[in-house]
Amino acid sequence: MLDQNTFMETVREVSEIMRTASEPLSREEILSYFVAMELNETQKEMVLEYLLKPERDAVSQKGTVDSDASEEEIIDEDLLEEEEGALESEETSELPDSPVFRMYLEEVGGISLCTPEELQRLYGQLLEGDDGVIGRISENWMHRILEQVKRLSVSVEDFSDVVQEGNMALFMKLSELCGSNTAPTDVEAMLDQAVEATMKGYIDEITGEDDVENAVVGKVTLVNEARKYLMEQNGQEPSIRELAKYTKMSASELRDMLDFIQKAEDSAKDRR
């Protein structure tokens, strides 16, 4: 079974290599990076189609807008919503006005979507081991991935990369489900969860939210342990000055940490 993290990291690396290479990579050169993963023929074609897609070059520009573009070249949001009813949303965002988002909408608009019944039949074939339906299912999930990205309030410059992460997460989950004993009625929920979790994880990674959260937790733990230690040593609640000397933190930051700890303790008492 493919390791999802290794596979997606390899896709990112190869995508970056292709972007910066002085000459285009051949199909064989691209696949050489995936040799150890022992992809089947369908998986190879999916990877090649994804990485060699002509639109990928335009997407890699991350939403830059030509300042000389005329107003006629800008498709207004109302028209897009009319043409792509499935993507209607009450949320406001910069995305509907970006060239990258319009490009994705145009691509989705050219796809003949399956009915819910047809899609369920495709899921059934997938679960029976037919990996030939992965491409068709993926096409039908493009608009869903766009909807999820819009709900995550992604910036224009990160939009393409987050969509890429969602597409690859979908591909990985479909490959995992192929030939499995999963109930057909569970497939969509599992795909939704896999795509959203991967995109959220990537957003956290690029915005540094995980690092910030871990840093805050680390500081709270440090202050709490320092407080307990000094109380044992001195027999009384330590002062801000004593804590600052021990932890090497500023007085203002310590006050914030102590306030956080106090609220957490109060909340814990309320739950008892």
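These numbers come from a predicted model, not from an experiment.
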Any side-chain heavy atom of [X] within less than 4.5 Å of one from [Y]?
| X | Y | result |
| --- | --- | --- |
| V47 | V14 | no |
| P238 | M231 | yes |
| R121 | V133 | no |
| E128 | D130 | no |
| F171 | M168 | yes |
| I137 | L170 | no |
| L152 | Y202 | no |
| L122 | L119 | yes |

Gap between atom [atom2] of [Y] and atom [atom1] of [X] - 0.5 Å precision:
| X | Y | atom1 | atom2 | value |
| --- | --- | --- | --- | --- |
| M199 | D161 | CE | CG | 13.0 Å |
| T198 | K200 | OG1 | NZ | 11.5 Å |
| R27 | L48 | CZ | CG | 4.5 Å |
| L146 | W141 | CG | CH2 | 12.5 Å |
| Q148 | H143 | CD | NE2 | 10.5 Å |
| Q193 | D186 | CD | CG | 11.0 Å |

*Charged N-O contact under 4.0 Å between E41 and K44*: yes
*Ionic contact status for E188 with R144, cut-off 4.0 Å*: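 Salt bridge between R144 and E188, a charged N being under 4.0 Å from a carboxylate O: yes.
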*Is the number of heavy atoms from other residues, nucleotides or ligands under 6.0 Å of E253 CD greater than 12?*
yes
Taking all atoms of both residues into account, what is the closest heavy-atom pair of [X] and [Y], and its distance?
| X | Y | result |
| --- | --- | --- |
| L174 | S138 | CD1-OG, 3.5 Å |
| L177 | T182 | CD2-OG1, 3.5 Å |
| A194 | A169 | O-CB, 3.9 Å |
| Q164 | V11 | NE2-CG1, 4.3 Å |

*Sorted by first residue and then second, give each ring-ring contact (aromatic ring centres under 6.0 Å, His included) pair with at least one member in residues 117-138; sequence neighbours left out.*
none
_Pairing residues for T185 by the side chain to side chain donor-acceptor pair (under 3.5 Å) criterion, not counting sequence neighbours_ =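 T185 satisfies side chain to side chain donor-acceptor pair (under 3.5 Å) with no other residue.
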*Residues that R136 engages under side chain to side chain donor-acceptor pair (under 3.5 Å), provided they are two or more places apart*: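 Applying side chain to side chain donor-acceptor pair (under 3.5 Å) to R136 gives E139.
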*Walk me through it: do N140 and E118 pass the test side-chain contact (heavy atoms from CB on, under 4.5 Å)?*
CA-CA 11 Å; N140 277 264; E118 291 171 336; over 6 Å; no
_Residue pair E176, K173: steps toward the salt bridge (charged side-chain N to carboxylate O under 4.0 Å, His left out) verdict_ = CA-CA 5 Å; E176 179 185 320; K173 195 63 181 179; 3.0 Å; yes
*Which one of V163, V195, I203 satisfies the side chain to side chain contact (heavy atoms under 4.5 Å, CB included) criterion with V149?*
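For V149, the side chain to side chain contact (heavy atoms under 4.5 Å, CB included) check succeeds only for V163.
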*Walk me through it: do L51 and Y33 pass the test side-chain contact (heavy atoms from CB on, under 4.5 Å)?*
CA-CA 12 Å; L51 290 172; Y33 292 96; over 6 Å; no
